[in-house]
Number of protein chains: 2
Amino acid sequence: MKERCISKSVLERLPVYLHYLQSLPEGSPETISATAIARALGLGEVQVRKDLGAVSGAGKPRIGYDTAGLIERLKVFLDYDNRVNAVIVGAGKLGNALLAYEGFRDFGLSVLAAFDTDPSKIGQTSGGKPILAVGTFPEFCRENRVAIGIITTPDSVAQSVCDEMIACGIRAVWNFAPTRLKAPEGILVQNENMASSLAVLSGHLKKNRG
Amino acid sequence: MKERCISKSVLERLPVYLHYLQSLPEGSPETISATAIARALGLGEVQVRKDLGAVSGAGKPRIGYDTAGLIERLKVFLDYDNRVNAVIVGAGKLGNALLAYEGFRDFGLSVLAAFDTDPSKIGQTSGGKPILAVGTFPEFCRENRVAIGIITTPDSVAQSVCDEMIACGIRAVWNFAPTRLKAPEGILVQNENMASSLAVLSGHLKKNRG
DNA sequence: CGTATATCGATATATCAATATCGATATACC
DNA sequence: GGTATATCGATATTGATATATCGATATACG
């Protein structure tokens, strides 16, 4: 089984598989079937097989997949052992929470610092990581090989922050501001829009009311 | 133009349109075309027309849509004027940030309180909203018509928290724990998985490397 | 007043993801 | 050792979403 390009949907499920496999208790069997994974995660059996096949392809009939090997493959594929550097712009509540969040380490992400314009915030730290002045942003990116930019600013400045990130060599932007950002070809912007998620939830409630 | 059921993808874009329309400066024309919206948001022109048609259907050729009317329609459709009550379980960093976040009010969401097991947190407030003991959770839900449950606990307890929410009458769950939650038919679980988003970002970086 | 054009809504096509189907195969069991 | 069965990987089908195409229409302009 071989695929050159992994679709976004598959990519989003891979960490879910990995997390599940890692959560299995000690004494579990050394192999696991796609059927079992599908049942545990509430997914389609064929979908699981296809997803795993895209990164592994080492399943055996009647047996399933070698759990440890599968975990390793997924980790490698998701680059969890490589360090990728990221910075946050916007040190408000959410920015601070993300800056202090330890869990990113497990995903190979090193959040190095946050940037803000507010002088009262500059110089403080959150989870041992500094909040710096936005003026030092380009220099910082150059010196630290920053690959991912996280935007937690008010929406009024989000687009200009995004533009500056791109100018500083960042090619993947994670946007938590409630604006849809535009970026040139080749730059990925992942919009994490609370309002969109909420619309889905509230749409569900509305449907079951009427 | 008439559609009975709005798809999830459309639902996710509606708040984006609304936000854009509301961000237009004072002196803007009273009408706006789907073409203009599409250009501004980087979306397909036909897609915008179809999405807007699903909730409005009042566009005129050569003119476009009445901006104020469109805003009103979107707000009504997204239920931004109705109050929907929500609670948070898990008063860690993220839980606290969400508890204190003022912006939910604009989306018609009232986050009433957070719940935790840690005695040192119970009794504190964040943004004027209390952190309560999980023991009081069922009673609180019954008394306050809570419709949405937000999970920001460690993943080990996420599923049981979800189950309890459902038992307390909650029919829409917003899950920030890094686990895929299972729920019976009729209950909507919106999984907000950091690891999944990150996988997409890191996949993009990897692709452009190799 | 007639024609050109921007824009709409609707229909058709293409693209993409999810699901179902099927033959192949490695173990379990007789 | 032979047969049954769980499971795999591949292919085909279905379904959903996005894009392209087209006629209709309301204004702009000559």
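Convention: sequence-line order gives letters A, B, ...; per-chain numbering from 1. Side chains included, hydrogens not; waters and symmetry mates left out as well; all remaining heavy atoms used.
- With rounding to whole Å, A/K60 atom NZ is found 12 Å from C/dA28 atom P.
- Atom CG in A/D51 sits about 12 Å away from atom P in D/dG9, given to the nearest Å.
- B/K75 forms no cation-pi arrangement with B/F107, by the criterion of a distance under 6.0 Å to the ring centre and an angle within 45° of the ring axis.
- Between A/W174 and A/F176, the ring planes are tilted. Angles from 30° to 60° get that label.
- No more than 12 heavy atoms of other residues, nucleotides or ligands sit less than 6.0 Å from atom NZ of B/K60.
- Neither OP1 nor OP2 of D/dA16 sits under 4.0 Å from any side-chain N or O of B/S7.
- Comparing C/dT27, C/dA18, D/dA20 against the side chain of A/I63 picks out C/dT27 as the nearest.
- Taking only side-chain atoms of A/R13, from C-beta outward, the nucleotide of C/dA18, D/dC8, D/dA18 with the closest atom is C/dA18.
- For A/Q47, whose side chain is taken as the heavy atoms from C-beta onward, the closest listed nucleotide among C/dA18, D/dT19, C/dT27 is C/dA18.
- For A/Q22, the CD atom counts as densely surrounded, since its 6.0 Å shell holds more than 12 non-hydrogen atoms of other residues, nucleotides or ligands.
- Note: CG (A/L43) to P (C/dT19) measures 9 Å, nearest angstrom.
- The distance between atom CD1 of B/I37 and atom C1' of C/dA6, rounded to the nearest whole Å, is 15 Å.
- When the P atom of D/dA16 is taken as reference, atom CG of B/L11 falls 16 Å away, rounded to whole Å.
- Counting atom types as modelled, B/R62 pairs no side-chain N or O with a base atom of D/dT25 as donor and acceptor under 3.5 Å.
- Look at NZ on A/K8: it is 14 Å from P on D/dT17, rounded to the nearest Å.
- To the nearest angstrom, C1' of C/dA26 lies 16 Å from CG of A/D66.
- Listed pair B/Y65 / C/dA6 fails the phosphate criterion, with no side-chain N or O lying under 4.0 Å from OP1 or OP2.
- Atom NZ in A/K50 sits about 11 Å away from atom C1' in C/dA20, given to the nearest Å.
- Listed pair A/R49 / D/dC8 meets the phosphate criterion, a side-chain N or O lying under 4.0 Å from OP1 or OP2.
- The local environment of CZ in B/R83 is crowded, with over 12 non-hydrogen atoms from other residues, nucleotides or ligands closer than 6.0 Å.
- Distance from the side chain of B/V46 is smallest to C/dA10 among C/dA17, D/dC8, C/dA10.
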